[in-house]
Amino acid sequence: MAILEILQYPEKSLLLPSEPVKTIDDKIISLTKDMGETMFAAPGVGLAAPQIGVNQRIIVYDTRADIPKDSEDKTKAKEFKALINPEIIKKTGSIVSENEACLSVPDLTSNAKRYEKVTIKALNIDGEKLEFNVEGIFAIIMQHEIDHLDGILFFERISLLKKKMYKKRIAKKE
Ligand code: NI
């Protein structure tokens, strides 16, 4: 396993739509393991393949993202899951995520507009078909990570003014 470099905006691969995975082979399996390790090292609760420069529809997430950071349960072994070709097939309600952030969007946390509940269809790492409902933090993680697969960064879901200010700030640094 290896910790990979996480690319940051305005890196191109972050802004491109990703291709579906055709075959879950050893290369893909090993990539998801690296992604899990990279996510925990960052640390983050979700990571999408374009963030490490691979434009394929793969995401990983921390299955214990709902456990508070200072809770004792958090010290147990870390666990992540990978989803291949994930899709949102149903979305209901609307919420505002609090202080959303992204490992590829440095120095920005913001509330973002999200659906409250989503139904996800995906393959697991064994190629089995999954369909499940999520709400709360997992609904936000899924929407955030699947957005990455469409080349959408979370500042597209925040206020227009905040987004403009952020882009200006980054353009000055370049
Ligand atoms: Ni992100």
Side-chain angles (χ1 to χ4, degrees), residues 2-21 28 31-69 78-88 91 94-118 120-122 125 134-160 162-171 173-174:
I3 294 175
L4 308 167
E5 187 199 349
I6 298 176
L7 304 176
Q8 296 189 333
Y9 174 79
E11 190 75 44
K12 226 181 195 159
S13 75
L14 294 169
L15 306 171
L16 296 173
S18 291
E19 295 288 327
V21 173
I28 296 287
L31 180 75
T32 61
K33 286 180 184 163
D34 288 347
M35 284 173 64
E37 197 182 1
T38 302
M39 173 183 75
F40 285 131
V45 291
L47 191 74
Q51 292 182 273
I52 45 126
V54 176
N55 282 107
Q56 295 211 57
R57 303 188 79 86
I58 306 166
I59 66 171
V60 296
Y61 67 98
D62 179 352
T63 55
R64 296 183 179 165
D66 56 337
I67 300 171
K69 276 195 192 109
K78 293 179 187 311
E79 193 187 273
F80 73 90
K81 267 197 181 125
L83 297 177
I84 311 296
N85 301 337
E87 281 175 69
I88 296 173
K91 38 202 179 188
S94 76
I95 48 164
V96 173
S97 67
E98 279 173 32
N99 298 325
E100 204 170 312
C102 177
L103 298 170
S104 294
V105 182
D107 308 320
L108 181 70
T109 57
S110 176
N111 297 348
K113 274 185 213 154
R114 297 293 182 189
Y115 295 102
E116 191 181 2
K117 294 177 187 175
V118 289
I120 306 293
K121 192 178 145 187
I125 201 63
V134 274
E135 55 185 308
I137 184 159
F138 291 110
I140 293 165
I141 293 172
M142 296 299 155
Q143 291 170 79
H144 180 117
E145 302 310 329
I146 292 172
D147 266 353
H148 273 299
L149 304 181
D150 295 321
I152 297 169
L153 295 174
F154 90 105
F155 53 57
E156 302 299 343
R157 311 287 187 202
I158 70 175
S159 86
L160 191 60
K162 238 181 152 176
K163 173 183 149 183
K164 276 188 179 163
M165 279 165 59
Y166 180 73
K167 285 194 163 181
K168 224 175 172 178
R169 186 146 57 93
I170 293 297
K173 271 195 203 166
E174 291 284 299

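Counting convention: from 1, in listed order, for ligands and their atoms alike. Heads up: numbering here begins at 1 and tracks the sequence. All values below were derived from every heavy atom in this structure, side-chain atoms included, with hydrogens, water molecules and symmetry-related copies excluded.
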If every non-hydrogen atom of Leu153 is compared with every non-hydrogen atom of His148, which pair is closest and at what distance?
CD2-CE1, 3.4 Å

If the threshold is 4.0 Å, N to carboxylate O, is there a salt bridge linking Glu100 and Arg157?
no

Relative to the ring of Tyr9, is the ring of Tyr166 parallel (under 30°), tilted (30 to 60°) or perpendicular (over 60°)?
tilted

Quick check: are there more than 12 heavy atoms from other residues, nucleotides or ligands sitting under 6.0 Å from NZ of Lys163?
yes

CG-CG distance between Leu103 and Leu7, expressed to the nearest 0.5 angstrom
11.5 Å

Quick one: pull up CG in Asn85 and CD1 in Ile59 and give me the separation to the nearest 0.5 Å.
10.5 Å

What is the number of protein N, O or S atoms that sit under 2.8 Å away from the Ni ion (ligand 1)?
3

